[in-house]
Amino acid sequence: MQIQKPRGTYDLLPGEIELWQAFEKNVRRHFHVAHYTEIRTPIFEHTELFVRGVGETTDIVEKEMYNFVDRGNRSLTLRPEGTAGVVRAYVENKRYGKVDLDKLYYLGPMFRYERPQGGRTRQFYQYGCEVLGSNAPELDAEVVQLSYRILADFGLQHLQVELNSVGCSVCRPLHRDEMLALVLPRQEEFCSDCQRRMEKNPLRMFDCKHENCQRLLTELQVPSIAERLCAECAEHFATVQEHLTAMSVPYQLNGKLVRGLDYYTRTAWEVTTEGSSTLAGGGRYNGLIKELGGPDIPGIGFAGGMERVIQLAVEQQVYVPVSDSIDVYVAVADASASLPATELVAALRAEGIATERDFNGKSLKSQLKTADRLHAQWVLLLGEQEVAKGVVGMKSLASGEQMDVPADKVVATIINSLKKERASQ
RNA sequence: GUGAGCGUGGCGAAGUGGUUAACGCACCGGAUUGUGGUUCCGGCAUUCGUGGGUUCGAUUCCCAUCGCUCACCCCA
């Protein structure tokens, strides 16, 4: 049996990688323009970081982490998300003493042990940002609009931003108590998942898919967290919306939106597309930096799933120019021309001209066929005759015309004709 | 973790309890001497994910295993 890739992983092959590269470029451009700089943190961290940062009761920590013990007997974990590592780096490098507002973005693989499914793999790629050092609602608006803009500008259609506020350490516990008081007496009537949610994270009950559970929540008049925000949270949330509107971000309020990670406070949002899974999600996390041993500094961030973006881009036929073509194909008609061909290829490439040649001693006919398939503009033909005469046969694949060019002038001739070609396009 | 479906050459895709496993695309070679995209001719799975069982005989039946897909859980 041949060795196969581990479950939940995949190879990105020529032909598909181009779309990824185009999107990554798009991501970098947006972050750059908004004055964010890239940060790269380790792909594995001490297990403890994620347990503390992501939350002990989250699914990620309870059952999805790739943990391993290294030779020094340390418990390490392949990062399941990006925020914890970035915040750790921020604290460890004492960034708070160097800049008052740290705007960071990242791009890279994450790992979660899950059953693979459409848009969900065990090694997956996220792009995202973290902004540390401000509690301003204007910043929330900036980050939300970025998360939306990156996707919209890539050409994705039917995007929507779902927005909510999950409150703070003041209003959330009060809401939780109120909610449990209403729900617990009827505990038995909820589905088994919701009964578990009551203990772990009652907010989650709002996005249960069972109709019965939803009916019960309505019947019991359980308020959403958005309806129970404290004065400061409510004001903050209102300002966020004001600024989103100013930037023409098409958001809609969703009082039932809950994010999975424990650290979120106040603003929480997702960018989705009709009926499909979440493309990007984020939120504010005002307690996290302190939780991870840093000063009491607020932060906010989001992450997007590359696989999902690419999947949607393919579905929506987002056009990405793929240049799998070359400028010149050097055909070697005779073994005696091999050395001059090597020199010619090197000279062309030195000028930045994309050049390919034959290595397998194929017939001239099949070399031409290959050149055609590679969409070469020109074929430069070298054989016994050409070498003897000190020329190179220069053939246009478009017109079929061919002429001899002195060997010492070919490169210049090619440069000129490619220039003309490009200027006329 | 729970539930369901699937697994034939590089890709797509027929097929049957029984000597040589269709076809299409792709690929390779050729159609007189060194020349492409069309056409024509030829080549391309001792093998039907893997292991075992039933059988005179299995790619077709059964079991296991691996892998894939989908839904749930949850999430990006």
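Proteins come first, then strands; the chains are lettered A, B, ... in the order of their sequence lines, and each starts at number 1. This structure is a prediction, so every number in the text was calculated from the model and none was measured. These numbers come from the heavy atoms of this one structure, side chains and all, not from hydrogens, waters or symmetry mates.
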Could you walk me through whether A:Lys362 and A:Asp358 satisfy the salt bridge (Lys or Arg N to Asp or Glu O under 4.0 Å) test, starting with their C-alpha distance in whole Å, then the side-chain angles of each, then the deciding distance to 0.1 Å, before giving a yes or no?
CA-CA 7 Å; A:Lys362 287 202 283 191; A:Asp358 172 67; 5.0 Å; no
Nearest-nucleotide pick for A:Lys395, side chain only, options being B:G36, B:A76, B:G34:
B:G36
Within the 4.0 Å heavy-atom criterion, would you say A:Glu386 contacts the bases, only the backbone, or no part of the nucleic acid?
base
Given B:C66, B:G36, B:C72, the nucleotide with the shortest approach to the side chain of A:Arg120:
B:C72
For nucleotides B:U65 and B:A22, find the distance between their C1' atoms and express it as a whole number of Å.
31 Å
Pick the C1' atom in B:C48 and in B:C61, then give their distance to the nearest Å.
16 Å
Testing the 3.5 Å rule here: is there a donor-acceptor pair between the side chains of A:Asn212 and A:Arg215?
yes
Check whether A:Tyr264 forms a cation-pi arrangement with A:Arg284 (NZ or CZ under 6.0 Å from the six-membered ring centre, at most 45° off the ring normal).
no
For A:Ser396 and A:Glu401, which I'm curious about, is there any donor-acceptor pair between the side chains at under 3.5 Å?
no
Once you apply a heavy-atom cut-off of 4.0 Å, does A:Gly118 come out as touching a base, just sugar-phosphate, or nothing?
sugar-phosphate
Ring of A:Phe359, cation from A:Arg357 - is the NZ or CZ under 6.0 Å from the centre and inside 45° of the axis?
yes
Send over the distance from A:Leu364 CG to B:A31 P, rounded to a whole Å.
13 Å
Do the side-chain N or O atoms of A:Gln385 get closer than 4.0 angstrom to the phosphate oxygens (OP1, OP2) of B:G34?
no
base_contact_polar (B:C75 base, A:Arg308 side chain, donor-acceptor, <3.5 Å)
yes
Starting from the 5' end of RNA chain B, give me the residue, A:Gly281 or A:Lys63, whose nearest nucleotide shows up first.
A:Lys63
Using a 4.0 Å heavy-atom cut-off, does A:Lys5 contact any base of the nucleic acid, only the sugar-phosphate backbone, or nothing at all?
nothing
Check every strand shown and say whether A:Ala371 touches a base, only sugar-phosphate, or nothing at a heavy-atom separation below 4.0 Å.
nothing
For A:Gln252, is the CD atom crowded, meaning more than 12 foreign heavy atoms sit under 6.0 Å from it?
yes
Interatomic distance at C1', B:U50 relative to B:G37, whole Å
43 Å
So, are A:Lys389 and A:Asp404 salt-bridged, with charged N and O less than 4.0 Å apart?
yes
Whole angstrom is fine here: how far is it from CD1 in A:Ile3 over to P in B:U50?
17 Å
Check this for me, if you would: do A:Arg28 and A:Glu38 make a salt bridge, where the nitrogen-to-carboxylate-oxygen distance has to be below 4.0 angstrom?
yes
Among the candidates B:C74, B:C73, B:U2, find the nucleotide nearest to the side-chain atoms of A:Arg115.
B:U2
Check: A:Gln367 side chain, B:G34 base, donor-acceptor under 3.5 Å
no
To the nearest angstrom, the CG-C1' distance between A:Asp358 and B:G34 comes to 13 Å
Take A:Phe31 and A:Tyr127, measure what ring-ring contact (aromatic ring centres under 6.0 Å, His included) needs, and give me the verdict at the end.
CA-CA 10 Å; A:Phe31 280 129; A:Tyr127 64 95; 7.1 Å; no
Taking the side chain of A:Gln117 as heavy atoms from C-beta outward, which of B:G29, B:C74, B:C70 is closest to it?
B:C70
Heavy atoms under 4.0 Å, any strand shown: does A:Leu381 hit a base, just sugar-phosphate, or nothing?
base
According to a strict under-4.0 Å criterion, is A:Arg259 in side-chain N/O contact with OP1 or OP2 of B:A76?
yes
Would you mind telling me which residue lines up with the more 5' stretch of RNA chain B, A:Gly282 or A:Asp193, judged by nearest nucleotide?
A:Asp193
Between B:C75, B:C74, B:U35, spot the one nearest the side chain of A:Glu64, thanks.
B:C74
Taking the same atom, P, in B:U60 and in B:G53, what whole-Å distance lies between them?
14 Å
For B:C68, does OP1 or OP2 lie under 4.0 Å from any side-chain N or O of A:Arg7?
yes
Is the A:Tyr10 ring parallel, tilted or perpendicular to the A:Trp20 ring (thresholds 30°, 60°)?
tilted
Given B:G1, B:C66, B:C73, identify the nucleotide with an atom nearest to the side chain of A:Gln4.
B:C66
Got a donor-acceptor pair under 3.5 Å from the side chain of A:Lys365 to the base of B:U35?
no
Rounding to the closest angstrom, what is the interatomic distance between B:U69 and B:A31 at atom C1'?
46 Å
A:Arg112 (side chain) and B:C74 (base): donor-acceptor pair under 3.5 Å
no
Which whole number of Å gives the distance between the C1' atom of B:C41 and that of B:G49?
36 Å
Secondary structure of RNA chain B per the Watson-Crick/G-U criterion (both distances under 3.5 Å; [ ] crossing, | other strand, . unpaired) is (((((((..(((.....[....))).(((((.......))))).....(((((..]....))))))))))))....
Reckon A:Arg197 touches a base, only the sugar-phosphate, or nothing at all at heavy-atom distances under 4.0 Å?
sugar-phosphate
Between the base of B:A76 and the side chain of A:Glu114, is there a donor-acceptor distance below 3.5 Å?
yes
Could you give the distance separating B:G52 and B:G42 at their P atoms, to the nearest angstrom?
40 Å
Which whole number of Å gives the distance between the P atom of B:U47 and that of B:C6?
26 Å
Looking for any heavy atom pair under 4.0 Å, which part of the strands does A:Gly119 touch: base, sugar-phosphate only, or nothing?
base
Would you say B:C27 has OP1 or OP2 under 4.0 Å from some side-chain N or O of A:Arg373?
yes
Using atom CE of A:Met65 as one end and atom P of B:G1 as the other, report the distance to the nearest whole Å.
17 Å
How many Å lie between OH on A:Tyr10 and P on B:C68, as a whole number?
14 Å
